[in-house]
Amino acid sequence: MMVSFFIVAAIIVGIIMIIWVNYINPKQAAKSKHKFENQQSTINSNFHKATTANQEEGILPEEDTLFDKISYQEKYGTENMENERMNVEQKIMFLREKVIQMNHITSELESVFPEKSFKMDGIIVGNIVEIMVAYTYGMNLYKQSEKTHDAELNGVKVQIKGTQGNGRIHIAEKPEHLLVEFLNTETGEIEEIYNGPGEFMWKYVTPISNQHNTITVSKLLELNQLVDISLKLRPVLPLKTYQSEIAEVKKSIRQQDKSHAGKTTVTGYTNVNNQTNRGCLHKPGTHANQTAYLMHCNLCGYDYEANGCDIKIRKCPNCQ
């Protein structure tokens, strides 16, 4: 009797398994597959709509060359694509906004805790300036803490220094090319202090120890007026010249003007309007019997031509 019971039970279980394998399971598998295909179709449709809309608005190029479609969807979602594709100008504006925000935060902290200083300095300022300089000049930025140089442009190795004051710049070793920028935390912008060969400014540094040398910002501003334009690195984005000590620079220029009377056509001469003679162009000017000279505005960085007789009083046409 017991044996018959087990035989009947085994037969019933076998029948159930046959029905499951041949009828029920395929239907559920087909249903799951259909559901998955619908989800994937929705994802692809949304991705296509977002991409098409961005292409019509000029946000994205016709072909996505930076991100693989599937991996990007999995990591970020289509709604974040525009943020991942900021161009150079947008990245600079983003960084400027963050600098201004950080400046406001430090000011608030100092107002609540006046016994402590929360000024941005050290590595964070250095890295912010290096990134801004790299984008502004179109440089290849080195990795963190490279010796002597921070970036490279067309084979020229560049050391980048940032400051927030009018004091001294510390330099360990003579660089091939030096860029010193003032970080204006009120506007989030960098302003050029010095852009020239390291050899040109190195003889003016003050040694402190075997590995430390300093040079004042005012001296760098003075030397920057004398660097030939052909030796300067040209920015690919608009860049201002440091404004804080312009009055002192103008004062020294007036003294220079008195001691160099009749020498306005000499390369490097800077007039009272902070316009520097970058050299003779060896071609006729716009006035009779005059030669054209290349002039550089130290306020906005604009280059233009002027007659030799106008160098002493010339003003920048771009600033007026």
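All residue numbers refer to positions in the sequence shown, counting from 1.
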Full working for salt bridge (Lys or Arg N to Asp or Glu O under 4.0 Å) between Asp303 and Arg234:
CA-CA 11 Å; Asp303 293 327; Arg234 287 187 173 273; 3.3 Å; yes
Just do the side-chain contact (heavy atoms from CB on, under 4.5 Å) check on Trp202 and Leu178 with the steps written out, would you?
CA-CA 10 Å; Trp202 192 249; Leu178 178 65; over 6 Å; no
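- Within 6.0 Å of CD in Glu199 there are 12 or fewer heavy atoms belonging to other residues, nucleotides or ligands.
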Test side-chain contact (heavy atoms from CB on, under 4.5 Å) on Leu220 and Tyr204 and set out the steps.
CA-CA 9 Å; Leu220 286 170; Tyr204 297 99; over 6 Å; no
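- Closest heavy-atom contact between Gly138 and Leu153: O-CD1, 3.4 Å.
- In terms of heavy atoms, Ile190 sits closest to Leu183 at CG2-CD1, 4.2 Å.
- Looking only at atom types and distance, the side chain of Gln275 has a donor-acceptor partner in the side chain of Tyr304 under 3.5 Å away.
- The closest side-chain donor-acceptor pair between Thr265 and Asn277, if any, does not fall under 3.5 angstrom.
- Between atom NZ of residue Lys157 and atom NE2 of residue His177 there is a gap of 15.0 Å, rounded to the nearest 0.5 Å.
- In this structure, the side chain of Asn195 does not engage the main chain of Lys232 through any donor-acceptor pair within 3.5 Å.
- A salt bridge does not link Lys143 with Asp150: every distance from a Lys NZ or Arg NE/NH1/NH2 to an Asp or Glu carboxylate oxygen is 4.0 Å or more.
- The neighbour count for Phe94 CZ, taken as heavy atoms of other residues, nucleotides or ligands under 6.0 Å away, does not exceed 12.
- Results of the side chain to side chain donor-acceptor pair (under 3.5 Å) test with Asn298 over Asn273, Asn274, Thr241, Thr270 single out Asn274 as the only residue that passes.
- A salt bridge does not link Glu192 to Lys240: none of the charged nitrogens lies less than 4.0 Å from a carboxylate oxygen.
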Let's go through Thr267 and Arg278 carefully: what are the C-alpha distance in whole Å and the side-chain angles of both, what is the deciding distance for side-chain contact (heavy atoms from CB on, under 4.5 Å) to 0.1 Å, and is it a yes or a no?
CA-CA 5 Å; Thr267 301; Arg278 292 303 190 191; 5.6 Å; no
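- Between the side chain of Asn87 and the main chain of Gln90, a donor-acceptor pair closer than 3.5 Å is present.
- Under a 3.5 Å cut-off, the side chain of Glu110 and the backbone N or O of Ser107 do not form any donor-acceptor pair.
- Connection of Ile131 to Leu237 is established within a shared hydrophobic cluster, with ILVMFWY side chains joined at heavy-atom distances below 4.5 Å, either directly or through further cluster members.
- Val125 and Leu179 fall within the same hydrophobic cluster, defined by Ile, Leu, Val, Met, Phe, Trp and Tyr side-chain heavy atoms under 4.5 Å apart, directly or through other members.
- Ala306 and Met295 get closest at one heavy-atom pair: CB-CG, 3.6 Å.
- Panel note: side chain Glu222, backbone Ser218; no donor-acceptor pair is recorded below 3.5 Å.
- Under the 4.5 Å side-chain heavy-atom criterion for ILVMFWY residues, no single connected hydrophobic cluster contains both Val217 and Ile208.
- The heavy-atom pair separating Gly308 from Gln290 by the smallest distance is N-OE1, 3.4 Å.
- Across all non-hydrogen atoms, the minimal contact from Thr148 to Pro175 is CG2-CA, 4.2 Å.
- In this structure, Leu233 is a member of the same hydrophobic cluster as Val236, with clusters built from ILVMFWY side-chain heavy atoms closer than 4.5 Å.
- Chaining together hydrophobic side chains whose heavy atoms lie under 4.5 Å apart places Phe113 alongside Ile105, Leu109, Val112, Phe118.
- Across Glu186 and Ile100, no two heavy atoms sit closer than the pair O-CG1, 3.8 Å.
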With side-chain contact (heavy atoms from CB on, under 4.5 Å) as the criterion, how do Arg314 and Asn271 come out once you've worked through the C-alpha distance, each side chain's angles and the decisive distance to 0.1 Å?
CA-CA 8 Å; Arg314 199 69 166 86; Asn271 68 20; 4.1 Å; yes
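- Sorted by first and then second residue, the salt bridge (Lys or Arg N to Asp or Glu O under 4.0 Å) pairs with a member in residues 282-302 read Lys283-Glu305; sequence neighbours excluded.
- With hydrogens and angles disregarded, a donor-acceptor distance shorter than 3.5 Å links the side chain of Asn213 to the backbone of Ala172.
- The closest donor-acceptor contact from the side chain of His149 to the backbone of Glu176 lies under 3.5 Å.
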